Amino acid sequence: MNILDSFTVAEMLKRPLFQKAKVIAGQGGLNRAVRWVHVLEILDGSSYVKGGELVLMTGVGIGEEKELKLDYVRELVESKVAALSIEMVHQFVVIPEAVKRFADESQFPIIIFEEPVSFVEITQDIHTWLIARHQDQLLSLERISTQFLQLTLQPQGLRKILQLLHKETGFVVWIEDYLGKTFIYPETETPMKKNALRRPITVLEVNIGELYIKTTRKLTEYLNLIIDRVMIAIAQEYLRQFLSEEWELEEGKRWMVDLVGGKRGEVPSSLLGVFEKRKNCVLCALSQDEWTFADESGLGRVFLVQLIRMMQHVFEQKGIKVWVAPVENRLAIILAEQQTFAADPFIARVDKGFDMLFAQFRRLHPRLTTRWKVGVSHRLDHLDRMAKAWEEACLALSMDEVPRDDLQDEEEGSAVMGTHTLIHYEKLRAWQLFLHMDTAAVQSFVDLHLGPLLQYDARNKTNLVRTLEVYFQTGLQKQQTAKSLFIHRQTLYYRLEQIAAMLGDDWEAPARRLALETAVSGYRFLSARQKKRDW
C-alpha cells in the first residue's frame, strides 16, 4: 500500500467492484484524489459534499426527462468532487454530449455501470481501504515525528533531518537560513528555487530562514503533515542552537563586563595568548539605533545571535579573532590579529571587516534601517588597559566624524558610510582632549579666542573662521590658501586684514597661533558633536 500518494480514481477503477465500469468522459482527471464515497440522488445536493468524494447515483432524482443536467455536473466540479459514477440499470439516464464535453474540459471523470452493482458493497470496500490506509499513515507519521525529534539531539541535526525527509519522501530539500548557512540533501544536488516549494522557518516568532522542497509529486494531505512535522523539528533544532549560543554569550558577558570595568576575571586562554605573543589588538564599542542589544524579544535575540555569527565569520576571513559580548546597550568587541602575514595592515582589515559585516546584514534584512556606529580604541598591549580602551571606544562612539585636513584625502581608518560610521579614537587628535573636558569649557575657550570672528560670520554670512583654518593648515602660505579656498589672492588679503582687525596684530605669533588653532579645532569638535557642519 503506497501511503505517500493519494488514492486516485485510477486506483479505484482497479478495485474488483469496478472491473466492468466504463469511463465515458473526463479521462484526464483519473489522477483526482478520492477521499470518501457519497450516494447522492438529488440534483441540488452539492451542499452535502466537501470535496474529494466519489458520488454514486442511479438517476432516480434527475426527473422525468431522464437527462443528466449540465448545471448539476458543473456544481459537482465546483465543489471539487473527485468523480461521478452512475448505475445505468435500474433507471435509464441520458448523458448529453454537452455534459461529456464539459467533463472532458474540466477533467472530471464520469463513470457508468451497465450491469447491476451494489452501492453498499462499493462504499464498504472503499471506506475500509481508506480507513486502513489512514491508519497506516498515522502510524508512519508518529514514527517519523519521533525520529525527527530524536535527530534534534544529535550532532549535525539539521543535515540528518533533511536526510530523513528525503528518505521518506524522495524530496530534494534544502535550508537557507538568515545566519548565512545553506544545508542541502542530497548533497550532490544544486539548489534551484524556481518551481520549488517554500516554507518559512520560525523561531521565537521570527522568520530565520526557509525550507525549500523540490519534487514532481503532488503534495497530499499526508505529505503536508510530514512537512509540518519536519518544520517543527527544524525550528526546535534552531531554537536549541540559539539557546546554546545565548548561554555562551552570557558566559562571555561575565568576564567582558569585568574587563571593561577595570577588573580581571577569568578570561579565555586564547585572549591571554594574544598579549603574550604581542599580537595587534583593539577594543571596539558598537551601537545601533533600531533595537537594543538588551532586547529580550524574539527579534532582538535572533538579530544579536545572527550579528555575532556573521561577525565571527567575516573577521575570521580577515585573519582576526573575535571575542564579543553585550555591555549595557552596546556590544564590546575585542579584535586580535591571528595572521601577521596578511597583505593588508591590521587596522585596514578591521575597517574592511566592519564594511563587509554591515553590508551582509543589510542584504539579509533589506527593510531594516539600522544605522551602525563603531568606536575603536587605541591598540591594546595589555589586559590592564582594557577599561581605558573601553572608555576610548565609547568616546569615539560619541562622534559622527573625525578631524581631518580638508586639503588631503579622507584618512585611512575612519569612515562615514551610508549604513554605518566607524571612528578610531587615535584619529581624533586634539579632540581626544576635548572629549575628556566639559563641553561648556570647550565652548568657553572657543568663544574667548574666536568669538569676534564667529559673531562676524554669523551676522554677515562670511567664512572668516574657515579662512583662518585653511591658512593654518597650509602653514601660512597665502598662495596655497587662496587656491584651496578657490578665491582670488586679493580676496584672501582682504579677509586676513579683517581677521587681524578683530583678533589683534599678534594673532600670527607662535603662542597666539597655537591657541587659535586649538580654538578652531575645538569649534570643529563642537560642530561634529552637535551633528552639524558650518562649512
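Small disclaimer: the values here were computed from a predicted structure and weren't measured. When reading the values below, keep in mind they use all heavy atoms of this one structure, side chains included, and skip hydrogens, waters and symmetry mates.
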Original post:
Taking all non-hydrogen atoms of both residues, which atom of Thr220 and which atom of Leu4 are closest, and how far apart?
Top reply: OG1-O, 3.0 Å
Subject >> Minimum heavy-atom distance between Gln338 and Lys279, given as atom pair plus value >> reply: O-NZ, 3.8 Å
Original post:
Got a salt bridge between Glu517 and Arg513, using NZ or NE/NH1/NH2 to carboxylate O under 4.0 Å?
Top reply: yes
**OP:** To the nearest 0.5 angstrom, please state how far the CD1 atom of Ile227 sits from the CG atom of Leu197.
**Re:** 6.5 Å
**OP:** Could I get the full list of ring pair (Phe, Tyr, Trp, His ring centres under 6.0 Å) partners for Phe525, not counting sequence neighbours?
**Re:** Trp431, Phe434
Original post:
Any sub-3.5 Å donor-acceptor pair from Asn460's side-chain atoms to Thr462's backbone N or O?
Top reply: no
Original post:
How long is the gap from OG on Ser521 to CZ on Arg429, to the nearest 0.5 Å?
Top reply: 8.5 Å
**OP:** Mind checking side-chain hydrogen bond (donor to acceptor under 3.5 Å, both in side chains) for Arg143 and listing every partner two or more places apart, or none if nothing turns up?
**Re:** Ser140, Gln147, Glu168
Original post:
Taking atom CG of Leu307 and atom CG of Leu331, what is their separation to the nearest 0.5 Å?
Top reply: 6.0 Å
Original post:
With side chains defined as the heavy atoms from C-beta onward, is the minimum distance between Ile423 and Val374 less than 4.5 Å?
Top reply: no
Subject >> Note: Glu266-Arg254 ion pair, threshold 4.0 Å (strictly below) >> reply: no
**OP:** Sorted by first residue and then second, give each ring-ring contact (aromatic ring centres under 6.0 Å, His included) pair with at least one member in residues 444-483; sequence neighbours left out.
**Re:** Phe445-His449, Tyr471-Trp507
Subject >> Residues which pass salt bridge (Lys or Arg N to Asp or Glu O under 4.0 Å) with Arg198, listed by chain and number, not counting sequence neighbours >> reply: Glu210
Original post:
Going through the distances and angles, do Thr481 and Thr474 end up as a side-chain hydrogen bond (donor to acceptor under 3.5 Å, both in side chains)?
Top reply: CA-CA 6 Å; Thr481 300; Thr474 62; 2.8 Å; yes
Subject >> Any donor-acceptor N/O pair, Asn207 side chain to Gly209 backbone, under 3.5 Å >> reply: yes
Subject >> Salt-bridge present (Lys214, Glu189; N to O < 4.0 Å) >> reply: no
Original post:
Going through the distances and angles, do Thr169 and Arg217 end up as a side-chain hydrogen bond (donor to acceptor under 3.5 Å, both in side chains)?
Top reply: CA-CA 9 Å; Thr169 64; Arg217 248 193 186 112; over 6 Å; no
Subject >> For Val376 against Ala396, the heavy-atom pair lying closest together >> reply: N-CB, 4.2 Å
Subject >> Side-chain ion pair, Asp344 and Lys352, N-O less than 4.0 Å >> reply: yes
**OP:** Would you mind listing every salt bridge (Lys or Arg N to Asp or Glu O under 4.0 Å) that reaches into residues 446-456, with sequence neighbours excluded?
**Re:** none
Original post:
Partners of Gln432 by side-chain hydrogen bond (donor to acceptor under 3.5 Å, both in side chains), sequence neighbours excluded?
Top reply: none
**OP:** Not counting sequence neighbours, which residues clear side-chain hydrogen bond (donor to acceptor under 3.5 Å, both in side chains) with Gln135? List them please.
**Re:** none
Original post:
Which residue pairs pass the salt bridge (Lys or Arg N to Asp or Glu O under 4.0 Å) test when at least one of the two sits in residues 454-464, sequence neighbours left out?
Top reply: none
**OP:** Give the ring-plane orientation class for Phe275 versus His382, where under 30° counts as parallel, over 60° as perpendicular and anything between as tilted.
**Re:** tilted
**OP:** Please answer whether the main-chain N or O of Arg330 pairs with a side-chain N or O of Ser287 as donor and acceptor at a distance below 3.5 Å.
**Re:** no
Original post:
Can you name the residues that form a side-chain hydrogen bond (donor to acceptor under 3.5 Å, both in side chains) with Lys160, not counting sequence neighbours?
Top reply: Gln154
Original post:
Can you list the steps and then say if Leu149 with Gln236 is a side chain to side chain contact (heavy atoms under 4.5 Å, CB included)?
Top reply: CA-CA 8 Å; Leu149 294 179; Gln236 287 185 332; 2.7 Å; yes
Original post:
To the nearest 0.5 Å, what is the distance between CD1 (Ile226) and CD1 (Ile213)?
Top reply: 10.0 Å
Original post:
Who pairs with Trp390 by ring pair (Phe, Tyr, Trp, His ring centres under 6.0 Å), at least two apart in sequence or on another chain?
Top reply: none
Subject >> NZ/NE/NH1/NH2 to OD/OE distance under 4.0 Å, Glu392 and Arg385 >> reply: yes
**OP:** Check the angle between the aromatic planes of Phe361 and Trp372 and answer parallel, tilted or perpendicular using the 30° and 60° thresholds.
**Re:** perpendicular
**OP:** Salt-bridge test for Lys321 and Glu316: reply yes if a basic N is under 4.0 Å from a carboxylate O, no otherwise.
**Re:** no
Subject >> Exercise: identify the closest heavy-atom pair between Ala233 and Thr152 >> reply: O-CG2, 3.3 Å
Original post:
Between Gln241 and Arg309, does a side-chain hydrogen bond (donor to acceptor under 3.5 Å, both in side chains) hold up when you go through it step by step?
Top reply: CA-CA 12 Å; Gln241 292 181 18; Arg309 270 198 190 185; 3.0 Å; yes
Subject >> Euclidean distance, Lys388 NZ relative to Tyr425 OH, rounded to 0.5 Å >> reply: 5.5 Å
**OP:** Please collect all salt bridge (Lys or Arg N to Asp or Glu O under 4.0 Å) contacts where either partner lies in residues 231-242, sequence neighbours excluded, each pair once.
**Re:** Glu237-Arg240
Subject >> From CZ (Phe358) to NE2 (His420), nearest 0.5 Å >> reply: 6.0 Å
Original post:
Does Ser527 reach the main-chain N or O of Tyr523 with its side chain, forming a donor-acceptor pair under 3.5 Å?
Top reply: yes
**OP:** Can you see which heavy atom on Ala336 is nearest to which on Phe346, and at what distance?
**Re:** C-CE1, 4.0 Å
**OP:** Decide yes or no on side-chain hydrogen bond (donor to acceptor under 3.5 Å, both in side chains) for Thr467 and Arg495, but give the supporting numbers first.
**Re:** CA-CA 8 Å; Thr467 301; Arg495 290 185 184 181; 2.9 Å; yes
Original post:
How far apart are the closest heavy atoms of Met256 and Ala325, and which atoms are they?
Top reply: CB-CB, 3.9 Å
**OP:** Using the test ring pair (Phe, Tyr, Trp, His ring centres under 6.0 Å), find all partners of Tyr222 that sit at least two apart in sequence or belong to another chain.
**Re:** none
Original post:
Between Tyr185 and Phe171, is a ring-ring contact (aromatic ring centres under 6.0 Å, His included) present by the stated rule, with each step listed?
Top reply: CA-CA 9 Å; Tyr185 199 87; Phe171 295 159; over 10 Å; no
